[in-house]
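Just below is one structure, and these are the notes that go with it.
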Amino acid sequence: MGDVGQPQDRQLAAPDTLLRSHDTDTLISAAETAAREELRRMPPVSFMARRTHDVNDKTQVQNEPDQKLGTDEVHVYNVLWWIPESMGGMTTAALRRIRSFQKFGRPLSQTILTFSPRMDTDEIRDRLVSSGRMSDDVELVNIWQDLRKRSEHELAQLEGERPRNPIPDIDGEIENITAFYDVVRNARSGKIIRRNYFREDGSLLVADVRDPKLGRRFILHSPNGTPMAEWRRPRDFYNAWIKAAVNQEPAVVIVDDKKVSEFIHEISARRFALILFLHGTHLRYPWNGNHGQVLPRRLDTVRNLDRFDVVGVQTGQQAEAVRARGFTEDNIRLLTGELPAGSVLTEAAEERSMGKAVMIANLIELKRVDHPIRAVAKLRDRGIDVSLTILGEGPERPKLEKLIDALDVRDRVELPGYVNDVSDRLKSASFSMLTSTSEGLPLSMMESMGAGCIPIVYDITYGPRDLIEQGQNGFITSRNDVDALADQIEEFLSLGAESVAAMRSSALDTVEHYLPEAGYRRWKSAIEELPAAHVHDDRIETSGAPVEVKRAKCEALPDGCRIELELAHLHTEVIERLELVVSAREVNTFFVCGNSSTSTRRFGRRHVATFDVDFERFSESPNETFDVYLRLPRDLWTTKRRIRLPRMRSAMQTGTWEWYSTKHGNLSVRPLRTP
């Protein structure tokens, strides 16, 4: 998992790296200079201006009434791993966005790219079109269906390596998953050792082999059975297909899926703009703050956030958490999910039972549905009559049923499962609850507000603070505190009719900003500012050896320290763009510091790069050791380089941290040891 648990001075043998080296020092060779001059002679790459936005400013969606709406200049590709029959919030939000693009704009085309081998694309497409979730002119493409239809010439468009020989024979127990997909398991261990993907005529299309000598291999076969190309990592195979599938220009690719975002950023020399839409938190413990560990399934994505032309976030809190990593923030945009059209009432119905509550949530551990149930029981014990209906289904149902019986609230708590009259139930309820451990932008809470329900929710990341003004349109209570939740419900029930009516009206006004047309305008604005031409990665292949520094200095600042690195034989334009990467050795946390200033010393032969480090960024890792690297913005995380200190360099102490030279002479930082 990245650098976690790896030796402290691993030398990165990266093919794409930021700094030029010659022999053991960092020099630009004559060949590299010639290559650079050749790049300069190439036609310039044109980019549209990128403007900085305040992600907390909701007024940006209020465009002039006569302004023409529409993403009429691009082909839009939307990337999902698959589309399940029972769709969650992420898939629902993506399909709503696609419909809004069709309704309010005129994109040149819209395509959904998917990857699951278990998908019946035709059946899913028919279901989505017939239910009105997708219009007929949106194309739904699956990698395996697409590859099955390609000729040998079209398959050759996928860029891969020359196949190696031999290819292991099938040796194991075959399990048929679909008509086009088999898995092969080891007869003893039961582990999958091979996956075979077939064409409609039964011929082998791709063999995904765990080769005992070479490791993982994706081997593409021609229609006549000849191996054509292979890839050593799944992500390289998928990226090769994406580059071949995104074949219309100009194009923008919008990535919603966590799996795909972990690898799509590695595509270099891409001919499309790339947008990442973050639906949920990227932090393992978001309630602790913004400087903690990154979720393992988000690690590669977050390490490469600046590889995306736009990182779409749903709340101001989420934007702050992204900024906390230290990347330049000019690609962060507020691109929220959408409420369904017509889901916000023009006027909230006044005839509601004050004690009637509703909660929309899958019955899973993340949603902590037991907390509202316990709050209802506490209110019952206080003599306060509250009823709760929980709309949703999931694996926690048996536990919740037992809890309802144990608390003796069967007459007050209802679990009807999935229902088709959610809107009607919301319109008749008085208030709603949300008690998840974390959220992105909770559409369920927004839908309840649009129906005039007053949200009474935990202070979770993210969403509530961006939507709720305490006591004006809802209430936020202490996270994890069931007693506080019950207290807040009791306070709400004591309000007069006039105050409650004003709160319901305010809730309606709040969520109008999240109706489809307003959401579309945000997307339209972001797309208009995307790069208008191709994106090239300008890198020089080197050994990835550490960057030698002639002198290092650490100076204390009020809330951190300033690191000065004296570098020789590096171009000024490279030094000016350098970033300092500080990455924990044992856990998934890191941050980036931009170059705050550059100066020249010793008759222009050496340059000093200066980086300011805020100790707040260590706040959630008090006992961790961090390794220190240099990189250039937008370069792959794997191209960062260690910093080689001068020999016999003594440790530099600032505050409670010590910057020191490892046994291999590389720069690291650790907490000072207490006597």
Side-chain angles (χ1 to χ4, degrees), residues 55-56 87-94 256-259 261-262 276-302 305 311-325 332 334-337 359-375 390-392 394-396 400 432-449 455-468 470 474-482 484-485 488 514 587-589 619-621:
V55 297
N56 295 302
M87 294 186 296
M90 184 268 289
T91 307
T92 299
D256 292 273
D257 188 84
K258 294 183 181 70
K259 291 181 183 178
S261 70
E262 285 284 273
L276 168 67
F277 189 31
L278 289 173
H279 288 265
T281 181
H282 59 278
L283 296 169
R284 190 170 184 179
Y285 308 111
W287 46 86
N288 290 338
N290 295 332
H291 301 289
Q293 298 180 44
V294 178
L295 285 165
R297 64 180 180 273
R298 279 292 199 186
L299 189 58
D300 279 353
T301 302
V302 177
L305 282 176
V311 176
V313 297
Q314 301 198 75
T315 70
Q317 275 186 295
Q318 194 176 25
E320 288 300 323
V322 172
R323 290 191 188 104
R325 294 293 130 188
I332 302 175
L334 181 67
L335 298 173
T336 64
M359 182 177 187
I360 304 174
N362 290 328
L363 306 184
I364 57 178
E365 188 175 355
L366 171 73
K367 300 297 182 179
R368 297 193 293 195
V369 179
D370 63 304
H371 288 220
I373 296 173
R374 296 179 189 278
I390 302 165
L391 306 177
E396 290 288 294
L400 296 173
S432 65
M433 286 186 274
L434 179 71
T435 53
S436 309
T437 55
S438 67
E439 291 281 351
L441 183 68
L443 291 176
S444 61
M445 185 179 77
M446 293 165 63
E447 288 181 20
S448 70
M449 292 175 73
I456 303 177
V457 303
Y458 277 168
D459 187 8
I460 60 175
T461 47
Y462 306 101
R465 290 192 184 185
D466 281 66
L467 293 167
I468 296 176
Q470 187 73 0
F475 299 97
I476 301 176
T477 70
S478 300
R479 185 180 65 87
N480 295 340
D481 193 336
V482 177
L485 182 64
Q488 190 64 79
Y514 301 92
V587 297
N588 297 337
T589 189
S619 61
E620 295 173 54
S621 306

What distance do [X] atom [atom1] and [Y] atom [atom2] have between them, rounded to the nearest 0.5 Å?
X: R325; Y: L305; atom1: CZ; atom2: CG; result: 9.0 Å
X: T336; Y: L467; atom1: OG1; atom2: CG; result: 9.5 Å
X: I460; Y: M445; atom1: CD1; atom2: CE; result: 7.5 Å
X: L276; Y: D256; atom1: CG; atom2: CG; result: 8.5 Å
X: R465; Y: I476; atom1: CZ; atom2: CD1; result: 7.0 Å
X: T301; Y: D257; atom1: OG1; atom2: CG; result: 9.5 Å

Check whether any side-chain N or O of [X] sits under 3.5 Å from a backbone N or O of [Y] as a donor-acceptor pair, and report yes or no.
X: T461; Y: S438; answer: no
X: E620; Y: Q293; answer: no
X: T435; Y: R368; answer: yes

Just checking, any donor-acceptor pair under 3.5 angstrom between side chains of R298 and T281?
no
Checking side-chain polar atoms at under 3.5 Å, does N290 have a donor or acceptor matched by the opposite partner on R323?
no
Which heavy atom of [X] sits nearest a heavy atom of [Y], and at what distance?
X: D459; Y: R479; value: O-CB, 3.7 Å
X: Y462; Y: Q317; value: CD2-CB, 3.4 Å
X: V322; Y: I332; value: CG1-CD1, 3.8 Å
X: Y458; Y: T477; value: CD2-OG1, 3.3 Å

Taking salt bridge (Lys or Arg N to Asp or Glu O under 4.0 Å) as the test, write out the residues that go with R297, two or more places apart.
none
Only counting residues at least two apart or in another chain, list the ones meeting salt bridge (Lys or Arg N to Asp or Glu O under 4.0 Å) with D481.
none
Is there a side-chain contact between P296 and N588, using heavy atoms and a 4.5 Å cut-off?
yes
Taking the side chain as every heavy atom from C-beta outward, state whether F277 and M90 have any atom pair closer than 4.5 Å.
no
Can you list everything that forms a side-chain hydrogen bond (donor to acceptor under 3.5 Å, both in side chains) with E439? Sequence neighbours excluded, please.
K367, S436
Looking at K259 and E262, is there a salt bridge between them, counting it only when a charged N and a carboxylate O are closer than 4.0 Å?
no
Looking at E365, I want to see if its CD is surrounded by more than 12 non-hydrogen atoms of other residues, nucleotides or ligands under 6.0 Å.
no
